[in-house]
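Here's the structure we're looking at; comments come further down.
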Number of protein chains: 2
Amino acid sequence: MPRPGRPGRIYRAVVAYYSKYPKFHVAVDCIVFAVKEGRLCMLLVKRDFEPEKGKWSLIGGFTRDTESVDAAAKRVLRELTGLKNVYMQQVGAFGDIDRDPGERVVSVAYFALLNYDDVDHAAVEESGAKWVEVDEIPPLGFDHPRMIVKAREEMRRRIFSEPLVFRLLPEMFTLTQVQNLVEAVVGEPLDKRNFRKRLCDNPCIAATESFDKSLSRRGARLYRYLPPVETGNVKFKI
Amino acid sequence: MPRPGRPGRIYRAVVAYYSKYPKFHVAVDCIVFAVKEGRLCMLLVKRDFEPEKGKWSLIGGFTRDTESVDAAAKRVLRELTGLKNVYMQQVGAFGDIDRDPGERVVSVAYFALLNYDDVDHAAVEESGAKWVEVDEIPPLGFDHPRMIVKAREEMRRRIFSEPLVFRLLPEMFTLTQVQNLVEAVVGEPLDKRNFRKRLCDNPCIAATESFDKSLSRRGARLYRYLPPVETGNVKFKI
DNA sequence: GATTTTGGGTGTAAAATTAACACTCATTTT
DNA sequence: AAAATGAGTGTTAATTTTACACCCAAAATC
């Protein structure tokens with residue numbers, strides 16, 4: 001596949017050298033997180049095609065000639081959720097010989113964090129995808145379980161030092177929502193008072209005058225996340 | 001490339017489906033760290049072949065049909081240093097369209113930590129590779145600078161919570177050696193007394209009766225690292 | 001209109017960890 | 001004998017982390 005703008009002689013020499021080596025399909029797989037009805041969920045699809053037909057799997061696709069691998073991950077996610085500008089983070093490359101029972105495929109896994117309310121639910125429905133609670137993951141095909149484990153580890157490692165949570169919550173949120181989410185990520189309960197204290201010490205959290213009355217008689221104050229530009233790039237710390 | 005043991009009909013259908021998508025070369029690049037003469041160094045090669053001929057680059061190679069991507073990284077490193085069982089850690093996949101000026105290549109980067117004394121220096125010499133101090137990296141081709149930045153970030157993040165340093169040091173080492181190395185990784189000086197206190201509090205460090213007299217009149221006590229099995233799998237913390 | 005119910009909200013004290021800091025030691029060289 | 005070199009060592013103040021239990025506001029019920 002010669003591309004324009006290459007010097008001919010050198011280019012042919014390089015291709016001749018490279019061509020001794022095999023090529024593989026390069027897939028992307030997305031571990032998509034969102035909070036649905038207060039619970040941390042992941043997006044899975046039931047495969048109605050081979051290989052691994054009938055099993056659940058992560059959403060994925062193949063990288064095209066015309067896009068970077070990172071761009072392929074973004075595209076796959078956009079095709080499914082209708083969302084652009086989603087926070088995505090590479091989890092790693094998975095390259096075992098037999099990881100795909102069909103053909104040799106190397107896959108690069110990403111995790112994505114998004115706000116459930118922004119999702120195009122019709123598009124998700126149509127592609128047979130479902131939101132599944134992170135603690136109720138069904139058996140999955142391929143090496144997807146490994147990918148998920150690694151994605152969750154990565155998230156756990158970063159949740160206290162990077163403002164990841166706010167990508168999963170609506171623009172205005174209660175402190176309880178934040179705490180429930182962090183607890184779901186780290187997998188253990190946290191002390192309410194200490195958690196709120198630390199969170200509110202953070203200059204990137206601003207109280208609003210609105211209240212969420214959907215859960216309690218009294219109502220819970222809503223907060224807003226201020227991105228670093230507005231707060232002087234302070235280091236985030238929960 | 002049909003492989004044995006596949007059910008024919010399904011296999012053909014999968015291949016037909018997959019074949020709509022392009023294949024790419026899958027490379028591996030290794031960021032190889034070692035301590036040479038007390039300084040943290042990386043292994044680089046001067047390329048005497050296209051593309052990027054004449055520039056310095058990381059050591060790398062292509063993944064073969066017969067090996068996983070991780071195994072390819074191990075092989076490339078073994079071919080160069082003569083070492084097996086080296087600690088390697090994936091840094092990430094790099095998949096920009098034009099990252100290789102020759103052809104489309106997706107590369108998976110790894111960092112490797114090894115003890116300089118174990119290296120086959122003749123083999124390194126022969127392949128035109130050189131040890132270069134991490135603060136004196138020459139201009140590099142491809143996207144190798146980005147790979148190095150990410151590898152060093154990763155290392156910095158883990159150095160205090162995982163026993164990485166001991167993979168870079170000889171079996172017996174002085175506390176000063178450890179401190180110099182950690183300082184090279186984090187890029188800032190550390191308090192000597194606090195550092196030594198923390199390090200020696202660690203049950204995985206054992207004092208020996210030997211001394212290194214090469215640097216001081218007095219001599220410095222040599223210590224040994226005890227792997228977790230011997231210490232009851234305590235969490236590592238410097 | 002008093003009572004119950006529900007999740008929201010709040011402060012302090014003890015314990016643990018981290019940070020700052022400067023001199024002596026043992027040995028060799030001069 | 002003096003100087004030079006890197007090795008080694010403890011204490012105190014400051015900060016951070018942990019543990020912990022009750023009242024609040026509003027609506028619903030009786």
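This is a predicted model, so every value here is computed, not measured.
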(request) Pick out which of A/Lys150, A/Arg152, A/Arg158 makes a salt bridge (charged side-chain N to carboxylate O under 4.0 Å, His left out) with A/Glu154. (result) A/Arg158
(request) Side-chain contact test, heavy atoms from C-beta onward, threshold under 4.5 Å: evaluate it for A/Tyr110 versus A/Val69 and give yes or no. (result) yes
(request) Please find the earliest and latest nucleotides of DNA chain D, in the 5' to 3' direction, that have an atom within less than 4.0 Å of any heavy atom of chain A. (result) D/dT17 to D/dA27
(request) Have a look at A/Arg196 and say if it touches a base, only the backbone sugar-phosphate, or nothing, with a 4.0 Å heavy-atom cut-off. (result) base
(request) Whole angstrom is fine here: how far is it from CG in A/Asp191 over to C1' in C/dT12? (result) 13 Å
(request) Please round to the nearest 0.5 Å and tell me the distance separating atom CD of B/Glu136 and atom CZ of B/Arg39. (result) 8.0 Å
(request) Give the angle between the helix axes at the two ends of the helix from C/dG1-D/dC30 to C/dT30-D/dA1, taking five base pairs at each end and rounding to 10°. (result) 10°
(message) Working to the nearest 0.5 angstrom, can you tell me the gap between A/Ile148 CD1 and A/Ile137 CD1?
(response) 5.0 Å
(message) Could you tell me if the side chain of B/Glu133 sits less than 4.5 Å from the side chain of B/Met42, heavy atoms only?
(response) no
(request) Measure from the side-chain heavy atoms of A/Lys197 and tell me the nearest of C/dG8, C/dG11, C/dC21. (result) C/dG11
(request) Would you mind reading off the distance between A/Arg217 atom CZ and C/dT3 atom P, rounded to a whole angstrom? (result) 18 Å
(request) Pick base, sugar-phosphate or nothing for B/Arg198, based on heavy-atom distances below 4.0 Å to the nucleic acid. (result) nothing
(message) Nearest heavy atom decides the nucleotide; on that basis, is A/Arg218 or A/Lys192 closer to the 5' end of DNA chain D?
(response) A/Lys192
(request) Hey, can you tell me if B/Trp131 and B/Tyr116 have their rings parallel, tilted or perpendicular (30° and 60° cut-offs)? (result) perpendicular
(request) Find the distance B/Lys235:NZ to C/dT17:P and express it as a whole number of Å. (result) 14 Å
(message) Nearest 0.5 angstrom please: B/Phe166 CZ to B/Ile205 CD1, how far?
(response) 3.5 Å
(message) Do A/Val45 and A/Ser57 make a side-chain contact, defined as non-hydrogen atoms from C-beta onward lying under 4.5 Å apart?
(response) yes
(message) Under 4.0 Å, heavy atoms only, any strand: does B/Thr174 hit a base, just the sugar-phosphate, or nothing?
(response) nothing
